[in-house]
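Every chain is numbered from 1 and lettered A, B, ... according to where its sequence line falls, protein lines coming before strand lines.
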Amino acid sequence: MAHSEPQYWLMKSEPDAFSVDDLAKKPNSPWDGVRNYQARNFMRQMKKEDGVFFYHSSCKIPGIAGIAKITREAYPDFTAWDPKSDYFDTKSSPENPRWDMVDLSLVEKWTRVITLADLKKTEALEGFQLLKKGNRLSVMPVSHEQWHHILTLKNQLTSQPL
DNA sequence: GCCAACGTTGGC
DNA sequence: GCCAACGTTGGC
């Protein structure tokens, strides 16, 4: 396949640390600090132009705040060998990097956050990894079906008064 | 601030 | 390789 279909993902960020507005201000932001193997492995599968739901977690109204895209594929997360970084990991080094990151740019900030509660109410999203009990994964795949269901939901909710 | 769920660590 | 202890995530 010369041109493979884009894949879709969801990535969580705490808006106090890095919000959708921060991403809007800084195209090609490195997504550093992922220190979970499953999440890292998903990032390694990401391709340029893949779509990403930007999710705000650990905040007042958790939910999807907008869409981003991958602008650079996985490369070593250098914050892992920076002793001054919060994400410093003694087991990672430039010679033997353990953690990867990707770069992202914002595509669109949504005028209304599609909240976790909105998503939970949507029958078509049953089985979505994000909605599973105890799910703490910060990077996860989104199927094409789920992606389009969520876009439809977003269009419905955005055209309605709150 | 609480706590359930989960991942990681380290002793054995 | 098991598993208890511990730390972290993230919704509420």
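Sorted by residue number, the list of members of residues 94-101 of chain A with any non-hydrogen atom under 4.0 Å from DNA chain C is empty.
Under the 4.5 Å side-chain heavy-atom criterion for Ile, Leu, Val, Met, Phe, Trp and Tyr, Ile61(A) and Tyr55(A) are members of distinct hydrophobic clusters. Under the 4.5 Å side-chain heavy-atom criterion for grouping Ile, Leu, Val, Met, Phe, Trp and Tyr, Val52(A) is connected to Ile114(A) within one hydrophobic cluster. Leu104(A) and Val34(A) fall within the same hydrophobic cluster, where Ile, Leu, Val, Met, Phe, Trp and Tyr residues are linked whenever their side-chain heavy atoms come under 4.5 Å apart, directly or through other members.
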Would you give me the side-chain donor-acceptor pairs under 3.5 Å for residues 39-50 of chain A, sequence neighbours excluded?
unit_1	atom_1	unit_2	atom_2	d
Arg40(A)	NH1	Arg98(A)	O	2.8
Asn41(A)	ND2	Tyr37(A)	O	3.2
Arg44(A)	NE	Asp100(A)	OD2	3.0
Asp50(A)	OD1	Gln7(A)	N	2.9
Asp50(A)	OD2	Trp9(A)	NE1	2.9
Asp50(A)	OD2	Lys47(A)	N	3.0

Under 3.5 Å, which donor-acceptor pairs do the side chains of residues 10-20 of chain A form with other protein atoms, sequence neighbours left out?
unit_1	atom_1	unit_2	atom_2	d
Lys12(A)	NZ	Leu137(A)	O	3.1
Ser13(A)	OG	Phe18(A)	O	2.6
Ser19(A)	OG	Asp21(A)	N	3.2
Ser19(A)	OG	Asp22(A)	N	3.3
Ser19(A)	OG	Asp22(A)	OD2	3.3

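Residue contacts for Lys60(A): at a heavy-atom cut-off of 4.0 Å it reaches no nucleic acid atom on any strand shown.
We find that CD of Gln38(A) is positioned 7 Å from P of dG7(B), with the value rounded to whole Å.
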Listing time: all N or O pairs from protein to nucleotides 8-12 of chain C that are below 3.5 Å?
unit_1	atom_1	unit_2	atom_2	d
dT8(C)	O2	Arg136(A)	NH1	2.2
dG10(C)	OP1	Lys12(A)	NZ	3.1
dG10(C)	OP1	Arg136(A)	O	3.0
dG11(C)	OP1	Tyr55(A)	OH	2.7
dG11(C)	OP2	Ser58(A)	N	3.0
dC12(C)	OP1	Lys120(A)	NZ	2.7

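Scored by the salt bridge (Lys or Arg N to Asp or Glu O under 4.0 Å) test, Glu108(A) finds Lys154(A) as partners (sequence neighbours excluded).
The two atoms that bring Arg35(A) and Asp77(A) nearest to each other are NH1-OD2, 2.9 Å, heavy atoms only.
Among residue pairs with one or both ends in residues 56-78 of chain A, those qualifying as ring pair (Phe, Tyr, Trp, His ring centres under 6.0 Å) are Phe54(A)-His56(A); sequence neighbours excluded.
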